[in-house]
Amino acid sequence: MDTVQKVVSGFSLDLGPLKEPLGFIRVLEWVFTIFAFATTGGYSGSTNFTVACPKEVFDVQPVFGYPFRLSAHPFKIPTCNGTTRNNTYLQGDFSSSAEFFVCVGVFGFLYCTATLILYLGYQNVYRQTTRGPVIDLVVTAAFAFLWLVSSSAWGKGLTDVKWATNPSHLMKLCLDICQAGDFPSMGRLNASVTFGFLNLILWAGNCWFIYKETPFHKDPNPPATMEEGGAPVP
């Protein structure tokens with residue numbers, strides 16, 4: 001209880017850092033990080049092709065979604081002679097790149113939330129020692145690297161998802177009687193990759209502003225002033 005009381009008593013809300021690049025960019029990171037993992041993690045869609053029989057036209061809509069294990073949702077292709085076909089599956093498992101991207105986004109969101117609380121409520125603690133800015137710089141740089149890797153991996157994974165769900169590609173399952181339908185809507189997934197690389201720019205750029213708070217940038221021995229007893233500059 002004593003520790004909790006000390007933490008609560010040490011909290012002092014100050015919105016001043018939001019007017020500085022350090023806090024303002026962190027808010028942008030917080031927002032863009034949410035957009036990145038939300039547009040990926042909540043996606044669900046379907047592709048489409050038709051089976052044209054002499055007496056009837058059947059519409060087939062294989063579904064897929066996050067985490068993009070495409071074989072998780074079987075579908076059946078109707079036959080013109082009335083026989084039953086076995087389950088058919090979309091091909092490909094792209095869950096590793098998608099889940100990695102979402103994981104980076106979720107942890108980035110949590111880190112942004114924690115540092116915003118630190119900036120706005122415990123600014124004196126953050127600047128009291130050199131440890132806070134240094135740790136912040138290292139973690140921010142690590143996230144910038146993770147955004148580069150995860151966005152690149154997910155961009156490649158999304159390209160493979162588009163190929164695997166392309167109706168023209170699926171026509172090969174029943175080439176003689178199938179016709180390609182509408183391409184699945186993937187605007188959200190395209191946006192997720194864009195948000196990933198925007199996060200890379202934001203987190204990498206923010207490293208400079210955090211670096212300015214560290215002793216690596218600040219002069220550890222500032223020149224003495226007249227009030228501190230230093231000799232006047234000629």
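Just so you know, these numbers come straight off a predicted model, no measurement behind them.
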_Heavy-atom donor-acceptor pair, Arg188 side chain to Ala38 backbone, under 3.5 Å_ = yes
For the [atom1] atom of [X] and the [atom2] atom of [Y], what is their distance to the nearest 0.5 Å?
{"X": "Asn206", "Y": "Ile201", "atom1": "CG", "atom2": "CD1", "result": "13.5 Å"}
{"X": "Thr88", "Y": "Ile77", "atom1": "OG1", "atom2": "CD1", "result": "4.0 Å"}
{"X": "Arg69", "Y": "Ser96", "atom1": "CZ", "atom2": "OG", "result": "9.0 Å"}
{"X": "Lys162", "Y": "Thr47", "atom1": "NZ", "atom2": "OG1", "result": "13.0 Å"}

Exactly one candidate in Val63, Val161, Thr165 meets side-chain contact (heavy atoms from CB on, under 4.5 Å) with Leu90; the answer is Thr165
Would you name the heavy atoms of [X] and [Y] that are closest together and state the gap between them?
{"X": "Asp182", "Y": "Pro167", "value": "O-CG, 3.5 Å"}
{"X": "Pro67", "Y": "Ala98", "value": "O-CB, 4.1 Å"}
{"X": "Ala164", "Y": "His169", "value": "O-CD2, 3.9 Å"}
{"X": "Ala153", "Y": "Ser97", "value": "O-CB, 3.6 Å"}
{"X": "Ala36", "Y": "Thr40", "value": "O-OG1, 3.2 Å"}
{"X": "Leu200", "Y": "Ala144", "value": "CD1-O, 3.2 Å"}

Just wondering, do [Y] and [X] contact through their side chains at under 4.5 Å, heavy atoms?
{"X": "Leu22", "Y": "Ile210", "answer": "yes"}
{"X": "Arg26", "Y": "Asp136", "answer": "yes"}
{"X": "Phe64", "Y": "Phe94", "answer": "no"}
{"X": "Leu70", "Y": "Tyr89", "answer": "no"}
{"X": "Leu116", "Y": "Glu29", "answer": "no"}
{"X": "Phe32", "Y": "Cys112", "answer": "no"}

Going by the angle between their ring planes, with limits at 30° and 60°, are [X] and [Y] parallel, tilted or perpendicular?
{"X": "Phe109", "Y": "Phe37", "answer": "perpendicular"}
{"X": "Phe101", "Y": "Trp147", "answer": "perpendicular"}
{"X": "Phe49", "Y": "Phe75", "answer": "perpendicular"}

Is it the case that one hydrophobic cluster holds both [X] and [Y], taking links as side-chain heavy atoms less than 4.5 Å apart, direct or via other members?
{"X": "Phe145", "Y": "Leu202", "answer": "yes"}
{"X": "Phe107", "Y": "Trp30", "answer": "yes"}
{"X": "Phe183", "Y": "Trp163", "answer": "no"}

With side-chain contact (heavy atoms from CB on, under 4.5 Å) as the criterion, how do Thr140 and Tyr111 come out once you've worked through the C-alpha distance, each side chain's angles and the decisive distance to 0.1 Å?
CA-CA 9 Å; Thr140 301; Tyr111 184 72; 4.1 Å; yes
Q) Stepwise, does the side-chain contact (heavy atoms from CB on, under 4.5 Å) test hold for Asn190 with Thr39? A) CA-CA 9 Å; Asn190 292 330; Thr39 50; over 6 Å; no
Tested for ring pair (Phe, Tyr, Trp, His ring centres under 6.0 Å) against Trp154, the lone hit among Phe197, Tyr43, Phe100, Phe68 is Phe68
Exercise. Do other residues, nucleotides or ligands put more than 12 heavy atoms under 6.0 Å from the CZ atom of Phe35?
Worked result: no
Under 3.5 Å, is there a donor on one side chain and an acceptor on the other for Asn199 and Thr33? yes
